[in-house]
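None of these values were measured; they are calculated from a predicted model. Sequential numbering from 1 along the given sequence is applied to the chain's residues. Start at 1 and go down the list; that is how both ligands and their atoms are numbered.
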Amino acid sequence: MSCLLLQDKFPDFKAETTKGELSIHEYFGTSWGILLSHPGDFTPVCTTELARMVKLFSEFEKRNVKLIAISLDSKDNSLKWIKDINTFGGYDPNAPLPYPIIADEDRSIAVKLGMVRPGAVSTPGLPLTARHVFVVDPKKILRLVLIYPASTGRYFPEIFRAIDSLQLTEKYGVSTEADWKPNGRVVVPEGFPPEKAAELFPDGVKIEQFPSGKTYLQFGEMRKCQNKIITS
Ligand code: BEZ
C-alpha cells in the first residue's frame with residue numbers, strides 16, 4: 001500500500017466521474033485542489049457532506065481550490081444519489097452538482113491513495129476508513145491530509161481555516177498558532193528579513209519572553225486594509 005506523506009507529489013490518475021472521465025492533475029490544473037473521499041453512495045453522513053459541499057462551493061472557488069469528491073461506488077449509483085443530495089440540500093433534485101464525484105467502484109484509487117488496505121479491495125460492504133481530505137497545491141504537492149472515521153462528518157470551517165493558513169503561510173513565510181483564525185496575529189520565524197517585517201507588520205514584532213531566555217516565539221499583526229489582511 002502506498003503511504004502518502006506531506007510534500008509528496010500527489011499521484012496522477014485517470015478516473016471515471018459523474019462529469020465524465022478526467023485526469024486528476026489536469027482537473028486541478030494550476031489551482032489548489034481538494035479531494036474528499038466517501039465510503040459509498042446513499043449513506044447518511046456522506047449525503048450531508050456532499051450537500052454541504054454544494055452550499056460551500058463558492059468558498060472553495062474564492063480560495064482558488066478545485067473541489068472533487070470520490071465515492072467507492074459506481075457512476076450509475078452516484079448519478080442517482082445526486083438527486084438525494086440535492087433534495088437534502090434544498091436544491092433542484094435534477095440539477096448537476098457543481099463538482100464531480102469520482103466513481104471508484106473497484107477501490108483502486110482508494111488503494112493508490114492509501115485510504116483502504118489492499119486486502120479490503122474485495123471485502124463486501126463499505127470500507128470504514130475512507131473519509132479522507134487531501135489538499136494539493138498548484139504544483140501538485142500534497143499539503144494537508146485529514147482522516148475521519150465514517151461515523152464522523154467533516155467540519156468544513158476547519159477545512160477552510162486550514163486552507164487559509166496554508167495559503168497565507170506559503171505566501172508570506174510565516175506560521176499560524178493554535179486556534180488561529182483568518183486575520184489573527186501570525187507567528188514570525190526568527191531571522192525573518194527586517195525589511196519584509198517592516199512592510200508586513202507596521203506595529204512591529206513582539207517577542208515572547210520565556211524562562212529559557214530563548215526568542216523562538218514572536219508574533220506580528222499583519223497589515224490590514226478594510227479589516228482584511230492584504231494578500232496581493
Ligand atoms: C455514512 O455516510 O453515514 C456512513 C458511511 C459508511 C459507513 C458508515 C456510515
For ligand 1 and Ala150, I'd like to know whether there is a polar contact (N/O to N/O, distance under 3.5 Å).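 No: no nitrogen or oxygen of Ala150 is under 3.5 Å from one in ligand 1.
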Going by distance only, is there an N or O of Ser151 that falls short of 3.5 Å from an N or O of ligand 1? no
Would you call [X] and [Y] a salt bridge, using N to O less than 4.0 angstrom?
X      : Y      : answer
Glu158 : Arg161 : yes
Arg185 : Glu221 : no
Arg52  : Glu49  : no

Indicate the ring-plane relationship of His38 and Trp81, choosing parallel, tilted or perpendicular according to the 30° and 60° boundaries. perpendicular
Among Phe134, Trp32, Tyr27, which residue meets the ring-ring contact (aromatic ring centres under 6.0 Å, His included) test with Phe10? Phe134
Can you sort out which atoms of ligand 1 are near [X], meaning under 4.0 Å from one of its heavy atoms?
X      : result
Pro39  : 5 (C), 6 (C)
Val45  : 1 (C), 2 (O), 3 (O)
Arg131 : 1 (C), 2 (O), 4 (C), 5 (C)

